[in-house]
Undergrad: 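Here you go, one structure.
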Amino acid sequence: MLEGFGEMSLEKERNHRSMPKLGINIDHVATLREARKTYMPDPVEAALICEKAGCDSIVCHLREDRRHIKDADVVSLRKAVKTRLNLEMSVAPGIVDFACKIRPDQATLVPEKREEVTTEGGLDVRGNLKKLSLVTARLKARGIGVSFFINPAISQIEASLECGAGIIELHTGEYANAGTAAARKRELDILEKAAKHALSLGLEVNAGHGLHYENVCDVARIKGMNELNIGHSIISRAVFVGISAAVREMLELI
Ligand code: PXP
């Protein structure tokens, strides 16, 4: 699939076409490890292979219940990651304290419910302006870039700016789950309009959730898209072809 794309030529090609960057969420490597409560597979080793294959950042979510990624993983990732470490996190005080101590390059604030299988919706920024502003200020004071994971709604984008977040990540779940071509097109239009508005306000625009090898291209084409964060589909593909090939296949599509 990747014939003709050596590591260097792919890099040049990406810069030339100003393609979005690719952040890889490695939570599910830790999910597999936790299935046996052992030491393998190691998410840090996975992160290093992803970087070698050409990704632009490593993403992990330290959930309050520590169901996959543990504190020690984040500490090790902070030391090992050479690209950028993007820590997904809730605004729970203990998690915010931990992030301030570890200082990832970026913190992506997400809503978190214990019973959910994965992050379900975007942050209600408008409804939590004060709390989110305070957490954002604390993280930024530690030199951490702050991103809000939000639904592609104008009011949430404007509220993100009010809170001081310089970056938003548009939730692509509705797009990914759309059952018909018409619904998918509708969700893509919403994402495009949201991205355009956020860019006009000076926000950096990322996107993610539910993106896979068949649906990523249209989102990658959205004008001004800075980075796509993808986890489950790449780690799933890696089971069959290895992490390196799974990452490079996604990079080629983007
Ligand atoms: N972005 C955010 C904020 C997420 O919470 C997740 C899921 O952990 C992702 C991106 C990646 O989603 P997926 O695993 O469906 O690619």
Side-chain angles (χ1 to χ4, degrees), residues 14-15 18-25 55-62 74 77-78 81-93 95-112 119 121-173 190-209 211 219-220 222-231 254:
R14 297 175 74 213
N15 291 338
S18 64
M19 301 163 180
K21 292 183 265 194
L22 175 62
I24 300 187
N25 182 312
C55 80
D56 300 281
S57 66
I58 297 296
V59 189
C60 68
H61 186 171
L62 183 69
V74 184
L77 285 165
R78 172 67 295 184
V81 165
K82 291 180 206 68
T83 52
R84 278 181 302 119
L85 179 63
N86 177 0
L87 180 66
E88 282 181 27
M89 51 181 272
S90 73
V91 292
I95 299 277
V96 177
D97 290 345
F98 179 76
C100 285
K101 198 168 97 196
I102 299 300
R103 298 176 69 195
D105 300 283
Q106 185 177 314
T108 298
L109 304 187
V110 300
E112 196 173 305
T119 315
L123 277 176
D124 177 12
V125 187
R126 183 56 66 207
N128 294 281
L129 272 182
K130 198 165 165 213
K131 195 200 280 178
L132 288 167
S133 300
L134 288 171
V135 170
T136 301
R138 263 195 82 192
L139 293 166
K140 281 170 81 171
R142 296 290 289 152
I144 303 165
V146 180
S147 174
F148 286 0
F149 183 55
I150 56 171
N151 292 329
I154 300 300
S155 68
Q156 298 296 351
I157 292 168
E158 292 179 348
S160 302
L161 184 73
E162 283 172 47
C163 286
I167 314 165
I168 56 162
E169 179 175 336
L170 296 174
H171 193 321
T172 50
I190 292 171
L191 288 166
E192 277 167 349
K193 285 199 183 87
K196 194 170 173 197
H197 189 67
L199 287 166
S200 77
L201 298 177
L203 292 164
E204 189 172 288
V205 180
N206 300 331
H209 211 283
L211 296 178
V219 178
I222 293 176
K223 220 167 157 220
M225 184 58 68
N226 174 63
E227 187 163 53
L228 301 178
N229 291 318
I230 307 179
I254 290 174

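Values below: all heavy atoms of this structure, side chains included; hydrogens, waters and symmetry mates excluded.
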Undergrad: Search all heavy atoms of M19 against all heavy atoms of I254 and return the closest pair with its distance.
TA: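 Taking every non-hydrogen atom into account, CG-O, 4.0 Å.
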Undergrad: Just checking, any donor-acceptor pair under 3.5 angstrom between side chains of Q106 and S57?
TA: no
Undergrad: Not counting sequence neighbours, which residues clear side chain to side chain donor-acceptor pair (under 3.5 Å) with N151? List them please.
TA: none
Undergrad: For residues 144-161, pull every pair meeting salt bridge (Lys or Arg N to Asp or Glu O under 4.0 Å), keeping only residues two or more places apart or in separate chains.
TA: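 Sorted result for residues 144-161: empty, none.
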Undergrad: Could you go through the side chain to side chain contact (heavy atoms under 4.5 Å, CB included) check for L139 and M89 one step at a time?
TA: CA-CA 12 Å; L139 293 166; M89 51 181 272; 4.3 Å; yes
Undergrad: If you measure from NZ on K101 to CZ on R78, what distance do you get to the nearest 0.5 Å?
TA: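 Reported to 0.5 Å precision, the distance equals 14.0 Å.
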Undergrad: Using 30° and 60° as the class limits, which term best fits the ring planes of H171 and F149: parallel, tilted or perpendicular?
TA: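 Because their plane-to-plane angle is under 30°, the rings of H171 and F149 count as parallel.
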Undergrad: As an exercise, state the distance from SG of C163 to CG of L132, rounded to the nearest 0.5 Å.
TA: 5.0 Å
Undergrad: Locate the shortest heavy-atom distance separating L85 from C60; write the atom from each residue and the value.
TA: CD1-SG, 4.5 Å
Undergrad: Measure the CG-CE distance between L199 and M225 for me, rounded to the nearest 0.5 Å.
TA: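 One finds 8.0 Å between CG of L199 and CE of M225.
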Undergrad: Can a donor-acceptor pair be found, under 3.5 Å and without considering hydrogens, that links the side chain of N226 to the backbone of V205?
TA: no
Undergrad: What closest approach, in Å, do I222 and L191 show between heavy atoms, and which atom pair accounts for it?
TA: CD1-CB, 3.9 Å
Undergrad: Kindly compute the distance separating CG (N229) from CG (L211), expressed to the nearest 0.5 Å.
TA: 9.0 Å
Undergrad: What closest approach, in Å, do P20 and L228 show between heavy atoms, and which atom pair accounts for it?
TA: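 Here P20 and L228 meet closest at CB-CG, 4.2 Å.
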Undergrad: Taking all heavy atoms of A107 and all of N86, pick out the closest pair and write down the distance.
TA: C-OD1, 4.1 Å
Undergrad: Give me the atom names and distance for the closest heavy-atom approach of A198 to I168.
TA: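 Nearest heavy atoms, A198 then I168: CB-CD1, 3.5 Å.
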Undergrad: One pair to check against side chain to side chain contact (heavy atoms under 4.5 Å, CB included): R103 and L87. What are the steps and the verdict?
TA: CA-CA 9 Å; R103 298 176 69 195; L87 180 66; over 6 Å; no
Undergrad: Kindly compute the distance separating CD1 (I157) from NE2 (H197), expressed to the nearest 0.5 Å.
TA: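 Answer for the CD1-NE2 pair, I157 versus H197, is 6.0 Å.
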Undergrad: Determine the sole option in V59, L22, N25 for which the side-chain contact (heavy atoms from CB on, under 4.5 Å) test with I230 is passed.
TA: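 Result: among V59, L22, N25, L22 is the only option passing the side-chain contact (heavy atoms from CB on, under 4.5 Å) with I230.
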Undergrad: Test: side chain to side chain donor-acceptor pair (under 3.5 Å). Region: residues 123-149. Which pairs qualify, not counting sequence neighbours?
TA: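 Non-adjacent pairs meeting side chain to side chain donor-acceptor pair (under 3.5 Å): D97-R138, D124-Q156, R126-E162.
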Undergrad: Taking atom CD1 of I95 and atom SG of C100, what is their separation to the nearest 0.5 Å?
TA: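 Rounded to the nearest 0.5 Å, the CD1-SG separation comes to 11.5 Å.
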